[in-house]
Amino acid sequence: MIAKNRLRYAKRLVAEAPTPENYVNLANEYVLLGRMPEVHGVCAEGLGRFCGNPQLTALRERALRALREERVSSLKQELAESPRPAVWRDLCLALMESGKLQRAEETALAWLEHSPEHLDAHVALSEVRLERYFSDRGREQGRRFVKALERLHELSPGDARELRLRMRFATRIGAFGEARKAAERLLRLAPGDRELEAQYRVLVERGDREPSFERGLHRVEQTGRFVDDDEQTTRNLGPPVGDVRGQLRSLSAMPSVLGAIYLRGDTALVQGWKGASAERMARGLRGVMRSSRHAARRLGLGTIRKIEMEGDFGSFSVLPGPADAGGVWCEGRACPEVEQKLVGLSGIANGELEEAA
């Protein structure tokens with residue numbers, strides 16, 4: 001009775017004064033009752049009025065995670081009672097949407113063991129391995145996807161799903177010749193598809209760069225970036241250069257800090273070094289990030305969040321962001337205030353850094 005009264009009161013508050021706080025209170029009342037669909041609905045309504053509110057966004061993500069987990073549990077129970085292709089397929093998709101790619105691949109492999117010649121099982125395995133490669137960017141993970149794709153091609157040459165996976169994979173690693181061939185075959189299956197025709201025209205224009213799958217995988221592993229990352233990510237992520245100059249000056253003025261540096265694409269801003277020394281530091285930092293990311297991918301360690309070097313020279317800390325990187329050289333270990341400023345410089349959220357620690 002108390003819970004119902006509180007819920008009724010929270011609803012009335014939202015109707016009388018639709019503020020972010022009242023939406024959060026109403027969503028929390030639904031959380032206490034375990035009614036996650038209503039939590040998601042209230043948060044979606046609130047974000048429609050107050051776009052980007054952090055509390056509503058966090059509550060909505062929490063509700064989505066709970067709904068996905070509930071969906072996965074339900075599908076597992078259904079699979080145990082009635083293992084049919086539609087349930088296998090839905091379970092793989094639900095795990096992929098939850099970001100549990102390893103479990104999704106294990107499920108697809110179990111499906112293949114149950115039905116070795118079922119075409120949908122091979123499609124599901126190819127889709128999961130493609131997403132794992134996009135997340136990992138390691139060459140071995142890419143080769144595993146190619147192996148699954150070739151097996152799918154053997155079972156059903158010319159299948160539209162296989163061709164779309166091939167085109168998507170080849171486009172992102174820069175193998176535009178392979179992507180164009182897949183687009184041509186898709187157009188024969190679906191003539192008049194405007195979106196596909198537009199993609200084909202773009203691939204024809206970019207046909208001068210046509211490495212093989214293996215060369216494309218090697219390039220991505222070395223650089224850690226897909227072809228479409230080079231333009232889109234650099235443009236959309238990271239603080240504007242104008243804001244960085246002030247942050248660099250503030251960072252380099254702190255006690256024990258000998259120099260600070262910011263990298264974004266081909267741009268390097270340096271504070272504390274001049275002339276040839278500044279250029280040498282920029283090149284060195286770029287090389288350290290490239291080799292560290294490459295080693296992490298080869299060893300299967302995941303994404304590099306922080307790089308630290310210590311010696312007689314003091315300490316050098318690097319935080320690689322999604323599209324940029326910040327570095328600071330200190331006489332001793334960097335103090336928490338310096339670390340905090342470095343986090344802001346490289347565009348990495350505190351939550352991500354603490355979670356990685």
Side-chain angles (χ1 to χ4, degrees), residues 54 58 135-138 219-225 229-230 233-357:
S135 174
D136 180 85
R137 306 193 183 201
R219 188 195 67 82
V220 171
E221 187 177 67
Q222 289 287 333
T223 62
R225 302 178 68 82
D229 291 343
D230 295 332
T233 306
T234 303
R235 183 174 63 250
N236 292 339
L237 297 178
V241 172
D243 297 340
V244 170
R245 297 182 190 278
Q247 294 184 50
L248 276 175
R249 284 193 291 268
S250 174
L251 185 58
S252 63
M254 297 184 72
S256 78
V257 174
L258 301 175
I261 184 170
Y262 174 80
L263 288 180
R264 180 176 178 180
D266 295 329
T267 301
L269 300 179
V270 180
Q271 193 75 23
W273 301 281
K274 295 182 179 180
S277 296
E279 185 178 349
R280 185 168 59 251
M281 289 300 298
R283 286 200 307 268
L285 179 55
R286 186 176 288 111
V288 166
M289 287 196 306
R290 184 182 297 116
S291 60
S292 297
R293 284 169 168 161
H294 177 58
R297 285 188 294 273
R298 294 296 297 272
L299 296 173
L301 299 178
T303 303
I304 291 291
R305 296 295 187 190
K306 187 177 182 182
I307 304 168
E308 285 189 343
M309 292 165 278
E310 295 184 9
D312 295 338
F313 58 88
S315 67
F316 193 71
S317 300
V318 183
L319 292 185
D324 55 8
V328 62
W329 184 9
C330 299
E331 291 179 347
R333 286 194 64 108
C335 63
E337 291 79 10
V338 171
E339 293 280 3
Q340 187 64 35
K341 283 186 175 293
L342 186 59
V343 167
L345 181 67
S346 58
I348 299 178
N350 275 310
E352 291 184 354
L353 193 64
E354 290 169 3
E355 183 179 349

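Counting all heavy atoms, side chain and backbone alike, Leu319 lies closest to Lys306 at CD2-CG, 3.4 Å. Taking each heavy atom of Met289 and Val318 in turn, the nearest pair found is CG-CG1, 4.2 Å. A pairwise comparison of heavy atoms in Ala282 and Ala268 identifies CB-CB, 3.8 Å as the closest pair.
Counting only distance, with no hydrogens or angles, the side chain of Trp329 and the backbone of Gly314 share no donor-acceptor pair below 3.5 Å. Counting only distance, with no hydrogens or angles, the side chain of Ser315 and the backbone of Glu310 share no donor-acceptor pair below 3.5 Å.
Using a 4.5 Å cut-off on side-chain heavy atoms (C-beta onward), Met254 and Val328 make no contact. When side chains are defined from C-beta on, Arg286 counts as touching Leu263, because their heavy atoms get closer than 4.5 Å.
Here the CG atom belonging to Leu285 is positioned 5.0 Å from the CD1 atom belonging to Ile261, to the nearest 0.5 angstrom. Here the straight-line distance linking atom CZ of Arg333 with atom OG of Ser256 works out to 12.0 Å at 0.5 Å rounding. Remark: Ile307 CD1 to Ser317 OG distance equals 10.0 Å, nearest 0.5 Å.
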